[in-house]
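Just the heavy atoms: all of them, side chains too, but no hydrogens, waters or symmetry mates, feed the values below.
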Amino acid sequence: MTTPAPMAVVIAAIAVLCAVTLARWILIDSTPTARLVTRAVTWISIGAVVQYSVLAAGHEGAAVQYFLFCSVLSVANVYGLAKLFVGADPAGARDRQRRYDITAVVAGTTALLIGQSEGDGGAGFWLRAVVSWTVFNVPLLVAGVHIMRACLRDIRVEASLLKQVPYLGLLVLAAGWFVGAGLTVVQAFDGKPPGAISIEWSWVSCLFCVLVAHVVAVPLAQMMLARAGWDQTGRNLRQLEPLWRDLTTAVPEVVLPAGVGLGRDPESRLYRMTVEIRDALLHLRPHLSVDDVPESSVESYATQIARAARARERGITPLGAPPSHFQQISARDMTSELGYLLDLARHWPRARAVVSGRVQVSRQ
């Protein structure tokens with residue numbers, strides 16, 4: 001696995017990482033976490049391109065040193081990301097990261113000036129080896145501990161396997177950092193300079209590059225699914241739309257004024273649609289008939305609501321106080337409420353057809 005990979009494979013892996021990095025700069029919202037991830041992969045992308053450009057010019061030692069320098073700058077952003085994972089204040093992320101970046105530039109420049117170690121021993125070799133290992137690996141391993149703890153915590157919370165994938169990818173990456181740190185110690189005792197593994201990318205290096213690209217591309221995939229309406233929020237919006245349209249037609253006063261709400265993103269639209277459906281159901285309660293048989297199924301409740309909506313549209317006077325046997329959803333738990341409304345929406349087309357006389361209901 002440490003055999004150098006073919007140049008075509010290396011170039012393909014670097015190209016994938018650069019493409020994902022560019023897409024993140026263009027498409028991903030600039031939240032503190034997203035910005036740090038994008039900056040970290042940007043430095044890795046720059047380092048990989050510079051390394052192979054310098055290597056092609058025949059300067060092997062300089063190629064490794066430049067890549068390690070860019071890696072140190074990337075580690076500074078990974079460290080800032082890890083601090084956010086363990087509860088650091090996002091409001092102070094910029095100032096905090098500025099300090100990390102300055103420290104990384106000083107440390108990286110120091111390691112760069114010391115230069116690549118050569119020879120099989122001597123105090124100079126070990127000084128350079130210790131400095132290079134410390135500058136790169138110490139902050140990375142500290143960040144790795146924080147990130148692994150945060151990933152394990154979030155994996156236990158997330159029930160969806162799809163949402164666990166980024167955390168699993170981060171766990172693999174963090175574990176790889178510890179393995180890489182151990183390998184640099186082993187190679188130092190073999191008399192090899194720090195960074196010797198990076199002179200030519202192995203298959204493992206290429207696989208890790210592609211893994212990094214896939215992990216940081218997850219928000220891009222989620223964003224494209226959301227824009228296409230194929231994510232869970234988009235599916236919920238499409239399922240609720242017929243119910244919402246009919247209820248707001250019957251009770252137009254529940255529709256919030258334009259501009260009210262959290263925004264036009266799918267999550268905000270779903271929240272607003274849920275609130276308007278809930279308010280419409282409350283307005284329709286006086287139109288529910290006490291003569292209806294109280295049934296606990298959502299299907300029967302959908303039929304009763306459809307009948308009440310039709311009565312209100314026709315201007316029929318409300319029947320008075322809402323009958324006590326009809327269920328009422330609670331707004332205390334939005335997740336449970338959304339689940340209930342989605343269930344109601346599944347039965348809505350048939351309930352509307354029953355009320356309009358297109359479907360006959362058989363009673364046992």
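Contact check for Trp203 versus Val9: side-chain heavy atoms found under the 4.5 Å cut-off. Between Val145 and Phe178 the shortest side-chain heavy-atom distance falls below 4.5 Å. By the 4.5 Å heavy-atom criterion applied to side chains, Arg278 and Thr274 are not counted as neighbours. Val212 places none of its side-chain heavy atoms less than 4.5 Å from the side chain of Ile44. Tyr52 is listed as a side-chain neighbour of Leu55, based on a closest heavy-atom distance under 4.5 Å. Taking 4.5 Å as the limit, every side-chain heavy atom of Val215 sits out of range of all side-chain heavy atoms of Val37. Between Leu68 and Val72 there is no side-chain heavy-atom pair separated by less than 4.5 Å. The shortest distance between side-chain heavy atoms of Leu84 and Arg96 falls below 4.5 Å.
Between the Thr21 side chain and the Leu17 main chain, a donor and an acceptor come within less than 3.5 Å of each other. Glu267 places no side-chain N or O within 3.5 Å of a backbone atom of Thr233 that could act as its donor or acceptor partner. A distance-only check finds no donor-acceptor pair linking the side chain of Thr134 to the backbone of Val131 [under 3.5 Å]. A distance-only check finds no donor-acceptor pair linking the side chain of Gln97 to the backbone of Tyr79 [under 3.5 Å]. Side-chain atoms of Asn77 come within 3.5 Å of backbone N or O of Leu73 as a donor-acceptor pair.
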Could you walk me through whether Leu152 and Arg156 pass the side-chain contact (heavy atoms from CB on, under 4.5 Å) test, one step at a time? CA-CA 6 Å; Leu152 291 172; Arg156 288 194 294 266; 4.1 Å; yes
Under the side-chain contact (heavy atoms from CB on, under 4.5 Å) criterion, do Trp244 and Gln239 qualify, and how do the steps go? CA-CA 9 Å; Trp244 170 83; Gln239 188 169 346; over 6 Å; no
Assess the residue pair Ile147 and Val78 against the criterion (side-chain contact (heavy atoms from CB on, under 4.5 Å)); give the C-alpha distance rounded to whole Å, side-chain angles, the decisive distance to 0.1 Å, and a yes or no. CA-CA 9 Å; Ile147 289 175; Val78 173; 3.9 Å; yes
With side-chain contact (heavy atoms from CB on, under 4.5 Å) as the test, would you mind laying out the steps for Leu170 and Phe85 before giving the verdict? CA-CA 12 Å; Leu170 278 175; Phe85 281 2; 4.2 Å; yes
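Of all the heavy atoms in Pro32 and Ala93, the pair that sits closest is CB-CB, 4.1 Å. Heavy atoms only, all atoms of each residue included: Ala13 and Cys209 are closest at O-SG, 3.4 Å. Counting all heavy atoms, side chain and backbone alike, Arg24 lies closest to Val216 at NH1-O, 2.7 Å. The shortest non-hydrogen separation linking Val355 to Thr303 is CG2-O, 3.7 Å. When all heavy atoms are compared, the tightest approach of Ala174 to Gly144 is CB-O, 4.1 Å. The nearest pair of heavy atoms linking Ala213 to Val20 is O-CG1, 3.7 Å.
Other residues, nucleotides and ligands contribute over 12 non-hydrogen atoms within 6.0 Å of the CZ atom of Arg245. When the shell of 6.0 Å around CZ of Arg149 is examined, it contains 12 or fewer heavy atoms from other residues, nucleotides or ligands. More than 12 heavy atoms of other residues, nucleotides or ligands sit less than 6.0 Å from atom CH2 of Trp177.
Each of Val142 and Leu81 belongs to its own hydrophobic cluster when Ile, Leu, Val, Met, Phe, Trp and Tyr are linked at side-chain heavy-atom distances under 4.5 angstrom. By the rule that hydrophobic residues join a cluster once side-chain heavy atoms approach within less than 4.5 Å of another member, Leu207 and Val210 end up as members of separate clusters. Val172 and Val75 end up in the same hydrophobic cluster when Ile, Leu, Val, Met, Phe, Trp and Tyr side chains are linked at under 4.5 Å. Hydrophobic clustering, with ILVMFWY side chains joined whenever heavy atoms are under 4.5 angstrom apart, groups Val105 together with Tyr66. One hydrophobic cluster, built from ILVMFWY side chains closer than 4.5 Å, holds both Leu171 and Leu141.
In this structure, the separation between CG on Leu338 and CG on Asn236 is 5.0 Å, given to the nearest 0.5 Å. The structure places CH2 of Trp348 at 7.0 Å from CD1 of Ile305, a figure rounded to the nearest 0.5 Å. Remark: Leu36 CG to Thr31 OG1 distance equals 8.5 Å, nearest 0.5 Å. To the nearest 0.5 Å, atoms NE2 (His59) and CD (Gln51) are separated by 14.0 Å. With rounding to the nearest 0.5 Å, the separation of CZ in Arg352 from CZ in Arg310 is 12.0 Å. Atoms CG and CG, from Leu211 and Leu173 in turn, are 4.5 Å apart once rounded to the nearest 0.5 Å.
Between Asp101 and Arg98 there is no salt bridge, since none of the side-chain N atoms of the basic residue sits less than 4.0 Å from a carboxylate O of the acidic one.
Ring geometry for Tyr340 against Tyr301 counts as tilted: the plane angle lies between 30° and 60°, on a 0 to 90° scale.
Inspection of the Gln304 and Arg307 side chains reveals no N or O donor paired with an N or O acceptor under 3.5 Å.
Among residues two or more places apart in sequence or in another chain, the ring-ring contact (aromatic ring centres under 6.0 Å, His included) test is passed with Phe69 by none. The ring-ring contact (aromatic ring centres under 6.0 Å, His included) test applied to Phe136 returns no partner, not counting sequence neighbours. Scanning for side chain to side chain donor-acceptor pair (under 3.5 Å) contacts around Arg312 gives Glu253, with sequence neighbours left out.
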